[in-house]
Amino acid sequence: MKAGRRDDFPRYSRGPGECPEVKYLRLFVKRVKLYEIHQEIFRCPTGFIPEIRRHRNSITETSGLSDFLNELNEVQRGAVTATSGPVMVLAGAGSGKTRVITYRIAYLIRNEGVSPSNILALTFTNKAAGEMRHRVDSLLRHGSAGGLWIGTFHSIFARLLRNYIDLLGFSRNFTIFDADDSKSLIRQSMTELGISHDSLPVNTVQGMISRAKNSFVLPGEFQRSAGDYNRQKTAQIYELYSRKLKENNALDFDDLLIKPIELFNLHPEVLEELQEMFHYILIDEYQDTNRAQYLVAKMLGARRRNIFVVGDDAQSIYSWRGADITNILNFQDDYKDVCTFKLVENYRSTGNILKAANSVISRNVRQIKKELISNRNQGEPLTLMEAQDERREAEKVGERINSMRMKQEYEFGSFAVFYRTNAQSRVIEDVMRRLRIPYRIFGSVSFYKRKEIKDAVAYLRFILNDRDAESLLRILNFPPRKIGDVSITRLREFAEDKGITLYQAIIRADEGGFQQRLVNALGSFAGVIEKLREMSQGATVYEVLSELFTLTSIPLLLQAENTAESLARYENLQELLSMARDFSDHNPDGNTLGDFLENISLASNYDEAQDSDNYVSLMTVHAAKGLEFPVVFITGLEERLFPLNSYEPEQLEEERRLFYVAMTRAREKIFLSWAQTRYLYGQPHYCLKSMFIGEIDSSIVQKESGTYLSELAGKEKTDTGQSLTEFQRRQQQASAPALPETMQKKQLDAIRKGTMVHHAVFGSGTVLDVQGSGSKQKVRINFRSAGEKTLMVQYANLSVQR
DNA sequence: TGATGCATATTTTTT
DNA sequence: ATATGCATCA
């Protein structure tokens, strides 16, 4: 993400008297007309006189804006023009959320004379940031949005940290570690601490650390509050991991959010400076903010309190990543004088689609009630498709796409197929290919996560930051230089002995008493690095990368291998090369190696711009958020898949929101589908229809035969789950009798630590421990009469006791 | 040191 | 089914 120019950034050393506000702005107060639209929709404390800051030069031009505001409905207009003090906009799906933010920014600049560089707009995705910038740009005269701070939380704070991080003991050329890098560092930390990866999986630790960071719990506090054994171990790992990050002069994604908070706490003068900088703060997708983001936004906005948040609690689907739905639910408590606007007029979907979505989401308890109102016609009913298995399901989807494309005026690009888990995409993909339907999968392995790309990028990273040992280890023996694990271990010992970094050890390898062959290899490696580093001072990223490829012959090696895979990798490297060239061309004022790397680190695989080709879109429901399609297929609507194993009410509510997001993507038509059996991890499983199907108003759901579900109400009531409460349904499912032979394993998932089980020979006992999974799963059980035994789940024929 | 087979673990993942 | 990490052998 590129936003603004580096040089409009305030220097830390600059005194407060010189801040831009004093230079360009003067203050005056204006009474803003309060919009009295449906009291419920818009409430604002009475007697509230907003303070407005204006740009000296544009005070006069207020009239030209009326046309611009006419493009908004009343509530939207209210949200755009209430420019002072805290504002919350609850924007239902398809209600013109982005429009409100962009118009508000344009309004601030054009009408209120705010300087763009005093506005900070935070988003979650690069795509959203890009779109926002683009739309603001086209609302304003070209160029007048320059200096605007629009970007993702991560990219904006990465930029801020580049200027201040020396205050925290990092240097400004820090590397941003992605999830893989940090996993590997965590793994290292665990090994050093002698903590077995089996008893405490790396993924778990990574999750716990990330969650701690997202909640702004630092290692010290984590340690203090660590209750059980695993958490205590994790506390140690967290501590060591943080130290290692510092040694590497690296920040992980979460650090980009919490380091600013640490910085502000330690250096209030920096915070003040930024508070003087950002007069207006706007946050998109506020329901997805985690605690760290919440804190940092609150700190930045504390002085002027011009904080504007847009979100929809019903679309909060990232709680498992630390998003804290209470941030939006409690916004009104945090800012007592908040103006709240509810956007409920939906411009996207037909009446039936909204009716369906409303009927589903209304079952959630934790929510801010709001019902979307359609301004379109009723449209078609939803269609429910049942298939024997997932293959047949995919075929039905494909056949529908083909027939609708023939009959009606839909093109491939009108269709989207959603699924809950990525694993489901494979079959769909197969079938699409067979039916010759052009498709595109969103969110498969990210370009930047591919090995060859990561290797090349690791070189670039290391050139910039020679403390980045993670990258160093990646490239030291790639391409192979006969520097193996043994040599690396020795090298590390040598480095530790001398108290120098690994790279310094490489440079001084001749002092280490290593084999001459190794010294030579290390020397030639260092030669490559030094040469590239020198070059990187003046040359473009493209030139450095080309030189890298020449010096290391990585592309040549791949070409020589001449397998389909190696050639694909070769192509990817070429792609990287042309990306480097594009980058230099498109970012004339920020195209250093560091800029390029930051861009790569913070890019994601969902960012790719939609090209003009005409294809069906395949993606997970998560990836679909923020998009819309005329026709939507929601597949795999089965219990334990969608909703995915969620017995806790909170999780179930999140699954329901996810389903809500899926439905509200559709403009004209929704197909719901489920399969009676499905392969899961290579094992066939019988499936039950998802409870969500039964939650939709049955008068607008048609079977393929054309019968409405409401007509079947008497016969199939229990089947659709409609007459059952959620609780009853869960109960029924938990005790679902006699799943067929192959299904038993699934049911045995219920066996975990503490479960009471019964065994034909040993009698009853308590599960102490579960090891492994699948057909090799074993359990350790303490039997009341027979004592402790370890049994294979597969053969033990255990039954769960309640 | 590199290649090969074996065991293991598989939600979602804006950055 | 499939990818990934880990241990063992050539």
Side-chain angles (χ1 to χ4, degrees), chain A residues 1 122-129 151-158 176-180 182-184 187 191 197-198 201-204 206-207 210 213-214 251-257 284-285 287-290 292-293 315-323 390 418-424 426-427 430 442-443 445-446 448-449 451 477 480-488 517-518 521 598-607 619-627 636 640-646 651 654-655 657-658 661-662 679-684 771-777:
Chain A
M1 194 331 293
L122 296 166
T123 66
F124 279 83
T125 64
N126 296 305
K127 200 162 91 187
T152 62
F153 274 91
H154 292 81
S155 69
I156 294 280
F157 290 120
I176 299 171
F177 272 13
D178 69 15
D180 288 338
S182 73
K183 185 178 290 179
S184 132
R187 194 175 287 128
T191 312
H197 299 202
D198 296 333
V202 182
N203 284 330
T204 312
Q206 189 177 28
S210 176
K213 286 188 164 191
N214 286 160
L251 300 187
D252 66 17
F253 285 144
D254 301 325
D255 285 335
L256 295 177
L257 304 175
D284 191 17
E285 306 278 15
Q287 76 282 352
D288 289 333
T289 48
N290 59 38
Q293 285 160 328
Q315 293 186 69
S316 163
I317 54 175
Y318 285 103
S319 73
W320 49 273
R321 259 198 118 275
E390 74 270 32
F418 299 156
Y419 34 82
R420 177 66 240 266
T421 67
N422 274 313
Q424 291 164 253
R426 179 165 271 120
V427 186
D430 280 357
F442 287 76
V445 184
S446 158
Y448 301 107
K449 283 197 176 143
K451 186 187 173 306
N477 200 30
R481 297 186 177 89
K482 308 254 184 226
I483 305 171
D485 288 345
V486 181
S487 308
I488 289 173
R517 206 183 50 159
L518 177 60
E598 186 163 309
N599 209 285
I600 286 182
S601 305
L602 300 179
S604 91
N605 40 337
Y606 291 108
D607 292 339
M619 64 185 83
T620 63
V621 183
H622 282 88
K625 196 169 92 165
L627 305 176
R640 310 184 117 188
L641 184 60
F642 198 178
L644 193 132
N645 295 323
S646 17
Q651 280 177 39
E654 177 144 326
E655 294 288 321
R657 291 192 294 267
L658 197 52
V661 167
Y679 273 85
L680 215 68
Y681 309 137
Q683 300 278 333
Q771 305 148 14
S773 70
S775 61
K776 291 189 191 79
Q777 193 173 49

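Throughout, protein chains are lettered first and strands after them, A, B, ... in sequence-line order, and every chain is numbered starting at 1.
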For the side chain of A/Thr421, starting at C-beta, report the closest nucleotide among B/dT10, B/dT12, B/dT14.
B/dT12
From B/dT13, B/dT14, B/dT1, nucleotide with atom closest to A/Ser487 side chain
B/dT1
Strictly below 4.0 Å: does [X] bring a side-chain N or O up to OP1 or OP2 of [N]?
{"X": "A/Thr123", "N": "B/dT14", "value": "no"}
{"X": "A/Asn645", "N": "B/dT12", "value": "no"}
{"X": "A/Thr620", "N": "B/dT13", "value": "yes"}
{"X": "A/Asn422", "N": "B/dT10", "value": "no"}

Atom-pair distance ([atom1] on [X]; [atom2] on [N]), nearest Å:
{"X": "A/Asn203", "N": "B/dT13", "atom1": "CG", "atom2": "C1'", "result": "12 Å"}
{"X": "A/Gln683", "N": "B/dT10", "atom1": "CD", "atom2": "P", "result": "16 Å"}
{"X": "A/Leu122", "N": "B/dT14", "atom1": "CG", "atom2": "P", "result": "18 Å"}
{"X": "A/Arg657", "N": "B/dT12", "atom1": "CZ", "atom2": "P", "result": "18 Å"}
{"X": "A/Asn290", "N": "B/dT12", "atom1": "CG", "atom2": "P", "result": "20 Å"}
{"X": "A/His622", "N": "B/dT11", "atom1": "NE2", "atom2": "P", "result": "13 Å"}
{"X": "A/Ile488", "N": "B/dT1", "atom1": "CD1", "atom2": "P", "result": "9 Å"}
{"X": "A/Glu285", "N": "B/dT14", "atom1": "CD", "atom2": "P", "result": "13 Å"}

How does protein reach along nucleotides 1-10 of chain C, written 5' to 3' as B (base within reach of a heavy atom under 4.0 Å), S (only sugar-phosphate), or - (no contact)?
BSS-------
Residues in ring pair (Phe, Tyr, Trp, His ring centres under 6.0 Å) with A/Phe153, at least two apart?
A/Phe124
Taking only residues two or more places apart in sequence, or in another chain, which ones meet [X] in a side-chain hydrogen bond (donor to acceptor under 3.5 Å, both in side chains)?
{"X": "A/Asp180", "answer": "none"}
{"X": "A/Asp288", "answer": "A/Lys625"}
{"X": "A/Gln424", "answer": "A/Thr421"}

Sort out for me which residue in A/Leu256, A/Leu251, A/Asp178, A/Ile176 forms a side-chain contact (heavy atoms from CB on, under 4.5 Å) with A/Ser601.
A/Ile176
Applying salt bridge (Lys or Arg N to Asp or Glu O under 4.0 Å), name anything that partners A/Lys451, two or more places apart in sequence or on another chain.
A/Asp455
Separation of the C1' atoms in B/dT11 and C/dC6, to the nearest angstrom:
25 Å
Hey, does the side chain of A/Glu390 reach the backbone of A/Val427 with a donor-acceptor pair shorter than 3.5 angstrom?
no
